[in-house]
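Per chain, numbering begins at 1; letters A, B, ... match sequence-line order.
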Number of protein chains: 2
Amino acid sequence: MANRIPAAAIQQYSQEHLREVLNTAGRRLTPQREKVLSLFQNLGLGHHLTADDVHHHLKQAGNRVSLATVYRSLKLLVAMRLLDEGEWQEGLRCYELRQGGGKIHHHMVCMCCDHTEEFVSEVITAASRDMSKVAGFELTEVRLILRGICRRCRQRSKATASTFS
Amino acid sequence: MANRIPAAAIQQYSQEHLREVLNTAGRRLTPQREKVLSLFQNLGLGHHLTADDVHHHLKQAGNRVSLATVYRSLKLLVAMRLLDEGEWQEGLRCYELRQGGGKIHHHMVCMCCDHTEEFVSEVITAASRDMSKVAGFELTEVRLILRGICRRCRQRSKATASTFS
DNA sequence: ATGGATGCAAATATTTTGCATGCCT
DNA sequence: AGGCATGCAAAATATTTGCATCCAT
């Protein structure tokens, strides 16, 4: 369903980009920053991790990195547009690898099992651009999240009483 | 631009609904809960407040309410679908009055001045339903956020160097 | 040596929870 | 009386920041 771009291509591009931009600004591509980005690249597109998730993954892989640095790196990578930040699951701030080429994509999140599916819709993308143009708005990002129940979960449970705590 | 519904109608509906549902479940419509909902209703559709904002507003209006209760009330009202929760501005969890009749609407947020505009797009709504149907997904909510720079801010600043901290 | 980046710990900020008390039915 | 809700404070989380130190140029 999603319009995937070869992971290798992205990896090359991102690493290049990152080193280049940082150097130009007199800053560095440290092992920690590289590791954070690599983690997302190895997982591939569509994986959502919290700052804490990232920290755990890196530690588990034997890397020396502090949670504070993870936060700082994530913020940097988002500012450099290599990662996207979002709250796909209620109350959890997560990060994901940004698709190369500025390809706009959307998310379909199951409120039952939290499974996230990505998809691309030219119609929605075009409509977003139209609405922006009309409003004199310079569009930078489109974030669409469809929330509901996925096919699997629907089949599993037929009658569910709606409850509130 | 937004498709507004008479505030009075919503107010009636919500208050009714709230009291009714709560009573049925053996629970109560307390002054605090009423005040939290009223705040959003008085502000009207399209206003985004954090839990802390709500608390401040209520205290300032001379109400006796604790922040903890505000959190609890917001959670309840969201569960009852009277409010929507979202992270429209980076890193801020906000709440807004839910539009009656399940009318789907979207947000256009200026990253410069944080001004938020609402709009309705039948095209996007239809496309969202289509994508869901194809995926066997039971659609409950559509959340679209367009982020960028609004007309005013664009005119104010012409040359802006992109920086990352 | 210079200045950016890191780790650590402390400081903040945000949200949740335990518990005694109050209030409605 | 019985039980839900509240306030308050403490606890649990989440995120940021100060500072000494480390490291690359």
Side-chain angles (χ1 to χ4, degrees), chain A residues 18-39 48-59 61-80 82-83 85-95 163-165, chain B residues 18-39 48-59 61-80 82-83 85-95 163-165:
Chain A
L18 182 52
R19 193 179 298 278
E20 191 178 301
V21 177
L22 285 175
N23 285 343
T24 303
R27 299 176 71 180
R28 303 179 210 141
L29 176 54
T30 62
Q32 285 89 343
R33 289 171 181 177
E34 214 170 330
K35 287 286 166 42
V36 171
L37 180 57
S38 294
L39 173 59
H48 302 152
L49 304 180
T50 63
D52 208 50
D53 289 338
V54 172
H55 187 227
H56 273 102
H57 270 91
L58 296 184
K59 296 289 276 190
N63 297 290
R64 171 182 171 72
V65 62
S66 71
L67 182 56
T69 295
V70 169
Y71 272 109
R72 287 186 278 230
S73 299
L74 289 173
K75 187 168 283 194
L76 178 72
L77 294 171
V78 168
M80 296 183 70
L82 292 173
L83 296 183
E85 185 185 50
E87 191 172 328
W88 293 286
Q89 296 167 222
E90 225 51 69
L92 282 185
R93 199 178 312 182
C94 293
Y95 298 83
T163 52
F164 47 83
S165 58
Chain B
L18 182 51
R19 193 178 299 277
E20 191 178 303
V21 178
L22 284 175
N23 284 343
T24 304
R27 300 177 69 179
R28 303 178 207 142
L29 176 55
T30 62
Q32 286 88 342
R33 290 171 179 176
E34 213 170 331
K35 286 285 165 43
V36 171
L37 181 57
S38 293
L39 174 58
H48 301 151
L49 304 180
T50 63
D52 208 51
D53 290 338
V54 172
H55 188 225
H56 273 101
H57 270 91
L58 295 184
K59 295 289 277 190
N63 297 292
R64 170 181 172 74
V65 62
S66 70
L67 183 54
T69 294
V70 168
Y71 272 108
R72 287 186 278 230
S73 298
L74 288 173
K75 187 169 283 192
L76 177 73
L77 293 171
V78 168
M80 296 184 69
L82 292 173
L83 296 183
E85 184 186 51
E87 192 173 326
W88 293 286
Q89 296 168 221
E90 225 51 67
L92 282 184
R93 199 178 314 181
C94 293
Y95 299 83
T163 51
F164 45 85
S165 57

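Taking atom CZ of residue B:R19 and atom C1' of nucleotide C:dC24, one finds them 12 Å apart after rounding to whole Å. In this structure, the CG atom of B:L22 is 16 Å from the C1' atom of C:dC23, given to the nearest Å. One atom, NZ of B:K35, and another, P of D:dA5, lie 17 Å apart when rounded to the nearest Å. In this structure, A:K59 places its NZ atom 7 Å from P of C:dC8, rounding to the nearest Å. Rounded to a whole Å, the CD atom of B:Q32 is 5 Å from the P atom of D:dT6. Atom pair A:H55:NE2 and C:dC8:C1' shows a separation of 11 Å (rounding to whole Å applied). Rounded to a whole Å, the CG atom of B:N23 is 8 Å from the P atom of C:dT25. Note: CZ (A:R64) to C1' (C:dC8) measures 10 Å, nearest angstrom.
In terms of heavy-atom proximity, A:R28 sits nearest to A:L22 at O-CD1, 3.3 Å. The two residues A:T69 and A:Q32 come nearest to each other via the heavy atoms CG2-CB, 4.0 Å. Nearest heavy atom pair, residue B:V36 against residue B:S73, reads CG2-CB, 4.0 Å. A pairwise comparison of heavy atoms in A:C94 and A:T50 identifies SG-CG2, 3.8 Å as the closest pair. B:D53 and B:H48 make their closest contact through OD2-O, 4.3 Å (heavy atoms, listed as atom of the first residue, atom of the second, distance).
Of the side-chain N and O atoms in B:R27, none sit less than 4.0 angstrom from OP1 or OP2 of C:dT25. Proximity of B:S66 to the phosphate of D:dT6: no side-chain N or O atom is located under 4.0 Å from OP1 or OP2. For the pair A:T30 and C:dT6, the criterion of a side-chain N or O lying under 4.0 Å from OP1 or OP2 is met.
Just one of A:K35, A:H57, A:H55 meets the side chain to side chain donor-acceptor pair (under 3.5 Å) condition when paired with A:N63; it is A:K35.
Taking the side chain of A:R28 as heavy atoms from C-beta on, and the options C:dG3, C:dA9, D:dG7, the nearest nucleotide is C:dG3. Taking the side chain of B:R72 as heavy atoms from C-beta on, and the options C:dG18, D:dA5, C:dT6, the nearest nucleotide is C:dG18.
Within the 4.5 Å cutoff, side-chain heavy atoms of B:R27 are placed close to those of B:R33.
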Please produce a list of atom pairs where a protein N or O lies less than 3.5 Å from an N or O of nucleotides 11-15 of chain C.
unit_1: C:dT15; atom_1: OP2; unit_2: B:Y71; atom_2: OH; d: 2.5
unit_1: C:dT15; atom_1: O5'; unit_2: B:Y71; atom_2: OH; d: 3.4

